[in-house]
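For the numbers below, each heavy atom of this structure counts, side chains included, while hydrogens, waters and symmetry mates do not.
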Amino acid sequence: MFFIISKVAGFFLAPSNALVILTIFGVVVQMLWSFRVGAVVAAVGLVGILACGLGPVANWLILPLENRFEQPASDNAAPDGIIVLGGALSDRVSGERDAGLELTEAGDRILALLRLARAYPQARIVFTGGSSALTGGGRKTEGELVGEAIERFGLSPERVTIESNSRNTAENASFSKEIAKPRADETWWLVTSAFHMPRAVGVFRAAGFPVTAYPVDFRAAPDDWMRPFATVSDGLRRTDVAFREWVGLLAYYWTGRIDTLFPGP
């Protein structure tokens with residue numbers, strides 16, 4: 001039920017959708033009830049679209065998330081294991097076109113898997129990712145697609161354990177723990193997008209699986225606080241991503257899936 005509610009609520013809470021709906025609602029109010037009230041509502045929606053689409057609002061939302069964790073220092077001890085979260089490819093397009101893995105904006109997660117697998121040949125690797133689609137998913141899950149591509153990546157299939165049933169971050173953590181069975185003396189690195197790292201680390205901690213953050217897929221430079229966007233679509237896309245993550249933190253905290261509202265190092 002939590003999974004279904006999160007997907008439905010996510011559609012209406014996405015700023016790009018909400019602001020467009022608000023603008024249209026304002027126009028309808030102008031025609032059917034009050035021109036003045038409708039004009040104000042439509043103007044609020046339009047200003048919001050412009051502020052989030054062209055202004056730096058998206059960066060204000062995403063930079064606190066991305067700056068929360070840093071990658072381990074180069075002189076850190078080698079990890080005993082590495083967990084890589086899914087969300088890095090389009091399972092539907094990859095499965096339907098049968099043309100290899102079609103990466104999303106979060107494709108750095110796959111690149112990090114390959115890079116770290118070669119840098120730490122003794123580390124155990126777990127890739128965790130099923131399908132996060134409520135409807136219209138692909139014929140194969142993300143984990144299944146990555147598992148089939150391991151040898152094409154130049155890695156032995158035995159190097160990477162695939163978990164392909166998880167639908168969200170909470171299931172990533174619980175299912176990965178069942179597979180990894182981490183010992184208290186082991187160090188495990190967690191690879192996911194930088195904006196997603198606070199929630200992911202919090203979920204793994206709450207599941208009893210301590211991890212060291214290895215953030216990738218940074219969307220903004222450290223000094224982008226006041227940087228505008230060239231197109232409305234670019235700004236709205238980043239606003240949606242960051243806003244969804246903040247809402248996710250609240251939802252996971254309220255439902256007990258994380259122990260603190262904004263997990264940190």
May I ask whether [X] and [Y] are part of the same hydrophobic cluster, defined by side-chain heavy atoms of I, L, V, M, F, W, Y residues being less than 4.5 angstrom apart, directly or through others?
| X | Y | result |
| --- | --- | --- |
| Val216 | Ile110 | yes |
| Val203 | Phe209 | no |
| Val146 | Leu116 | yes |
| Phe127 | Leu89 | yes |
| Ile82 | Val126 | no |

Around atom [atom1] of [X], are there more than 12 heavy atoms from other residues, nucleotides or ligands closer than 6.0 Å?
| X | atom1 | answer |
| --- | --- | --- |
| Glu148 | CD | yes |
| Arg237 | CZ | no |
| Arg227 | CZ | no |

_side chain to side chain contact (heavy atoms under 4.5 Å, CB included), that's the test. Do Thr192 and Arg109 meet it? Break it down for me._
CA-CA 6 Å; Thr192 189; Arg109 303 183 193 186; 3.3 Å; yes
Can you check whether [Y]'s main-chain N or O pairs, donor with acceptor, with [X]'s side chain at less than 3.5 Å?
| X | Y | answer |
| --- | --- | --- |
| Ser174 | Ala207 | no |
| Glu66 | Arg219 | yes |
| Arg238 | Ile62 | no |
| Thr141 | Glu144 | yes |
| Glu151 | Pro157 | no |
| Asn59 | Asp224 | yes |

So which atom in [X] and which in [Y] form the shortest heavy-atom distance, rounded to 0.1 Å?
| X | Y | value |
| --- | --- | --- |
| Ile179 | Ile162 | CD1-O, 4.5 Å |
| Ala58 | Ala242 | O-CB, 4.3 Å |
| Ala14 | Asp240 | C-OD1, 3.7 Å |
| Lys181 | Glu178 | NZ-O, 2.7 Å |
| Thr169 | Tyr252 | N-OH, 3.6 Å |
| Glu245 | Phe195 | CG-O, 3.2 Å |

Would you give the length of the straight line joining atom [atom1] of [X] to atom [atom2] of [Y], rounded to the nearest 0.5 angstrom?
| X | Y | atom1 | atom2 | result |
| --- | --- | --- | --- | --- |
| Ile83 | Thr212 | CD1 | OG1 | 12.0 Å |
| Leu65 | Leu249 | CG | CG | 6.5 Å |
| Leu114 | Phe153 | CG | CZ | 5.5 Å |
| Arg115 | Asp108 | CZ | CG | 7.5 Å |
| Ile125 | Tyr120 | CD1 | OH | 11.5 Å |
| Arg199 | Leu250 | CZ | CG | 10.5 Å |

*Please test Ile258 against Tyr253 for side chain to side chain contact (heavy atoms under 4.5 Å, CB included), starting from the C-alpha separation and ending with a verdict.*
CA-CA 5 Å; Ile258 57 177; Tyr253 180 66; 4.0 Å; yes
[X] versus [Y]: any side-chain heavy-atom pair under 4.5 Å?
| X | Y | result |
| --- | --- | --- |
| Pro56 | Trp225 | no |
| Cys52 | Val57 | yes |
| Leu190 | Val201 | yes |
| Gln30 | Val41 | no |
| Gln71 | Pro215 | yes |

*For the residue pair Trp246 and Phe262, is the inter-centroid distance of their aromatic rings smaller than 6.0 Å?*
yes
*is_close_aromatic(Phe204, Trp188), centroid dist under 6.0 Å*: no
*asked:* One pair to check against side chain to side chain contact (heavy atoms under 4.5 Å, CB included): Met226 and Trp60. What are the steps and the verdict?
replied: CA-CA 8 Å; Met226 298 306 297; Trp60 299 346; 3.8 Å; yes
*Can you sort out the partners of Glu163 under salt bridge (Lys or Arg N to Asp or Glu O under 4.0 Å), two or more places apart, ordered by chain and number?*
none
*Are Thr128 and Glu171 close enough, and set up right, to give a side chain to side chain contact (heavy atoms under 4.5 Å, CB included), and what steps lead you there?*
CA-CA 9 Å; Thr128 169; Glu171 292 182 354; over 6 Å; no
